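Notes follow once the structure below has been shown.
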Amino acid sequence: MSFNDPLSPIRLQLMWDRLIAVVEEQALALIRTGFSTSTREAGDLSAGVFDLDGAMLAQAVTGTPGHINSMARAVRHFLARFPAHTMKEGDIFLTNDPWKGTGHLHDFTFVTPTFRRGKMVAMFASTCHVVDIGGRGMTTDARQVYEEGLYIPLMRFAREGKVDETLIEIVSDLYSLATCNEIGCRRLIEMMDEFAIDDLDRLGRHVLEKSKQASLDLIRKIEPGTYSYAMRVDGYDKPIDLVATMKISADGIDVDFAGTPGVSAFGINVPVCYTEAYASFGVKCIVAPKVPNNEGSLSVIRVTAPVDSILNAQKPAPVAARHVTGQMLPDVMFGCLHQALGGKVPAEGTSCLWNLFALGGPGSTGDDPSETVHAKPFSVMSFHAGGTGARPGADGLSATAFPSGVKNVPIEVNEAVSPIVVWRKEYRQDSGGAGEFRGGLGQIMEVGTLDSAPFALSAYYDRIDHPARGREGGLAGTAGSVTLSSGKVLRGKGLQTVPSKDRVIIAMPGGGGLGNPRNRPAAIVAEDVRQGFISAAAARRDYGVAVNDDGIVDEAETAKLRALAAE
């Protein structure tokens with residue numbers, strides 16, 4: 001087959017690369033047009049192209065695993081409700097159903113069929129956070145999903161080009177999703193014209209077969225077997241043990257979360273689509289990180305969770321803060337894979353986001369109404385995180401939003417649209433777990449308001465009672481905490497009031513260390529002290545390195561300390 005043949009292997013690979021470029025442009029269009037700061041500033045979204053059977057062929061590089069991998073399943077729900085042969089040019093479909101979308105009501109998923117010369121050739125899908133959903137907001141306070149905001153079933157946003165204006169009156173930030181899909185459709189048609197292909201059948205088979213085979217080849221390099229791991233996290237009213245059993249075989253990886261407890265009364269429950277998304281992401285990070293993410297590579301990772309468990313919550317369980325539990329799952333996968341791969345897997349990290357979600361205005365705090373009656377209404381959200389676990393051969397990443405992959409919303413953006421002021425934002429010294437490779441540091445934020453009124457903080461965070469554990473002799477990271485500058489401890493349970501003249505101090509946890517801390521070279525420990533990452537006291541206590549605050553090592557004392565530890 002010659003290069004000039006439209007379906008030669010080389011041209012198929014070129015078209016595959018082009019397809020990824022198309023969906024990346026689709027995602028960037030959503031960033032440029034979205035209303036919410038989480039979309040515009042943080043890239044908290046997903047975009048992808050699908051074949052007529054609902055298989056994801058390519059995803060944008062920009063996006064988050066929770067959106068991308070759950071959206072990969074969502075398109076099939078749309079096809080079950082609106083079969084491909086019934087779709088018309090100009091049709092657009094949407095939903096924010098947590099169980100058929102991406103896990104909670106705040107995310108809308110849009111699907112748009114693509115037509116070329118009157119024939120449907122593909123579908124584009126996108127997801128992002130939409131601001132005006134109402135309900136109790138991004139909190140754990142609701143007892144059922146009905147309290148968490150507006151629910152839109154799988155339905156049409158547009159029929160043959162005519163938009164449902166009633167829906168626009170209810171939810172404003174929808175055109176951005178429709179626009180980004182339209183950009184994807186246009187660029188795909190241009191690509192098909194350029195490469196002179198009439199459909200995506202052969203290209204789609206090439207993408208999915210190559211991705212599946214590449215993933216299987218990598219899985220088959222791992223020792224087959226069954227591996228189990230349990231990780232305790234804070235939960236809400238009681239701790240939760242996330243339990244997984246992973247079976248690795250020649251035909252893929254099967255993960256079962258049997259043993260994980262039942263649903264919570266609070267909004268930290270996870271629809272199974274989100275469980276699949278983050279569990280499969282955790283596996284791919286270790287096993288096949290360079291294989292493109294699509295239906296082919298995802299098909300060899302099969303995830304199940306018991307019905308009515310916290311990882312397979314059924315409607316109408318509350319799910320608004322499903323990320324708090326769901327984003328812990330990559331670490332559980334790492335724990336299983338560590339047994340199969342030994343020292344090739346990171347230690348546990350902070351995992352879940354420590355988002356700043358604050359609101360003010362009349363009645364916002366639920367306390368004395370007279371304190372907020374004249375306050376200006378506002379609602380802000382930004383993404384923040386602690387440290388990741390130490391990596392094989394490298395320290396953990398500090399204040400990095402793994403596994404979500406979202407960017408931070410710049411402080412200046414939220415300060416411009418609200419009276420919120422971030423007085424301090426810095427690395428948290430000594431928060432990373434000690435080890436031959438140190439866990440990533442958390443960060444400290446001190447937040448107040450210029451208003452003469454209190455504001456409410458949605459203070460649900462994990463890793464306060466159960467910090468990230470180290471691995472192979474590494475020490476645990478430091479637990480997180482939420483306090484007021486006046487001294488009151490906030491336990492991170494639902495909406496909390498921050499008095500007008502007070503500030504909230506959010507100290508985020510650090511990641512676990514990897515390997516014996518006494519094996520960390522003294523010169524590197526000294527540099528950590530000079531940088532302010534660890535204190536001189538911690539250097540002596542945890543690493544056996546005698547060093548002053550200027551990072552000057554006392555070689556004789558260090559030798560003595562390490563000799564004593566070796567005994």
Side-chain angles (χ1 to χ4, degrees), residues 6-7 12-13 15-16 18-20 22-23 26 46-60 63 67-95 97 99-102 109-127 153-157 177 180-182 184-185 187-189 191-192 195 197-216 251-252 272-273 276-277 280 284 291-304:
L7 298 177
L12 284 170
Q13 188 62 42
M15 283 188 281
W16 187 354
R18 180 72 171 274
L19 208 55
I20 294 172
V22 165
V23 292
Q26 177 196 2
S46 64
V49 61
F50 295 73
D51 69 16
L52 301 188
D53 294 323
M56 186 169 72
L57 301 180
Q59 60 142 105
H67 284 154
I68 291 164
N69 290 349
S70 54
M71 185 186 72
R73 301 286 183 252
V75 172
R76 288 202 164 94
H77 292 298
F78 282 92
L79 287 174
R81 175 69 177 83
F82 304 100
H85 70 270
T86 67
M87 294 182 178
K88 306 292 185 183
E89 193 162 2
D91 285 351
I92 305 173
F93 307 91
L94 85 165
T95 191
D97 185 326
W99 286 269
K100 295 179 180 178
T102 61
T109 298
F110 267 55
V111 173
T112 305
T114 305
F115 286 80
R116 179 175 180 270
R117 298 174 183 172
K119 177 185 176 183
M120 184 173 165
V121 293
M123 290 174 288
F124 281 85
S126 57
T127 299
L154 288 108
M155 60 178 290
R156 294 176 188 270
F157 175 72
L177 286 152
C180 85
N181 283 3
E182 174 61 24
C185 293
R187 297 296 181 261
L188 177 64
I189 298 306
M191 185 197 94
M192 294 177 70
F195 285 94
I197 57 173
D198 295 322
D199 56 52
L200 298 183
D201 294 350
R202 176 68 184 279
L203 174 59
R205 286 196 303 273
H206 174 79
V207 167
L208 301 183
E209 289 170 2
K210 290 290 186 182
S211 299
K212 181 176 181 178
Q213 191 58 52
S215 298
L216 285 174
D251 67 345
V272 74
C273 60
E276 289 179 330
S280 59
K284 277 183 62 65
V291 178
N293 200 51
N294 54 49
E295 178 69 21
S297 56
L298 289 172
S299 68
V300 301
I301 305 168
R302 299 169 288 269
V303 179
T304 57

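The structure presented is a predicted model; accordingly, all values stated were derived computationally and were not measured.
- Rounding to the nearest 0.5 angstrom, the gap separating the CG atom in L52 from the CG atom in L200 is 8.0 Å.
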Query - From CA spacing to verdict: side-chain contact (heavy atoms from CB on, under 4.5 Å), I20, Q59 - result: CA-CA 6 Å; I20 294 172; Q59 60 142 105; over 6 Å; no

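- Of the inter-residue distances, the one linking M123 atom CE with F82 atom CZ reads 13.0 Å to the nearest 0.5 angstrom.
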Requested in this report: Applying side-chain contact (heavy atoms from CB on, under 4.5 Å), run through N294 and L57 and close with a yes or a no.
Outcome: CA-CA 5 Å; N294 54 49; L57 301 180; 5.8 Å; no

Requested in this report: Give the C-alpha distance, both sets of side-chain angles, the deciding distance and a yes or no for side-chain contact (heavy atoms from CB on, under 4.5 Å) between Q13 and H206.
Outcome: CA-CA 8 Å; Q13 188 62 42; H206 174 79; 3.8 Å; yes

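- A side-chain donor-acceptor contact under 3.5 Å links D51 to the backbone of A55.
- Distance CZ/F115 to CD1/I189: 10.0 Å, rounded to 0.5 Å.
- Checking side-chain atoms of E89 against main-chain N and O of R116 turns up no donor-acceptor pair under 3.5 Å.
- When K210, K212, R76 are each tested for a salt bridge (Lys or Arg N to Asp or Glu O under 4.0 Å) with E295, only one passes: R76.
- For an aromatic pair to be called close, the ring centres must be under 6.0 Å apart, and F157 with F110 satisfies this.
- Using a distance-only test at 3.5 Å, with no hydrogens or angles considered, no donor-acceptor pair links the side chain of S70 to the main chain of C273.
- Taken from CZ in R205 to CG in L12, the straight-line distance is 9.5 Å, to the nearest 0.5 Å.
- Atoms CG and OG1, from L177 and T127 in turn, are 7.5 Å apart once rounded to the nearest 0.5 Å.
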Report task. Check the pair M56 / L298 against side-chain contact (heavy atoms from CB on, under 4.5 Å), numbers first and verdict last. Result -> CA-CA 10 Å; M56 186 169 72; L298 289 172; 4.3 Å; yes

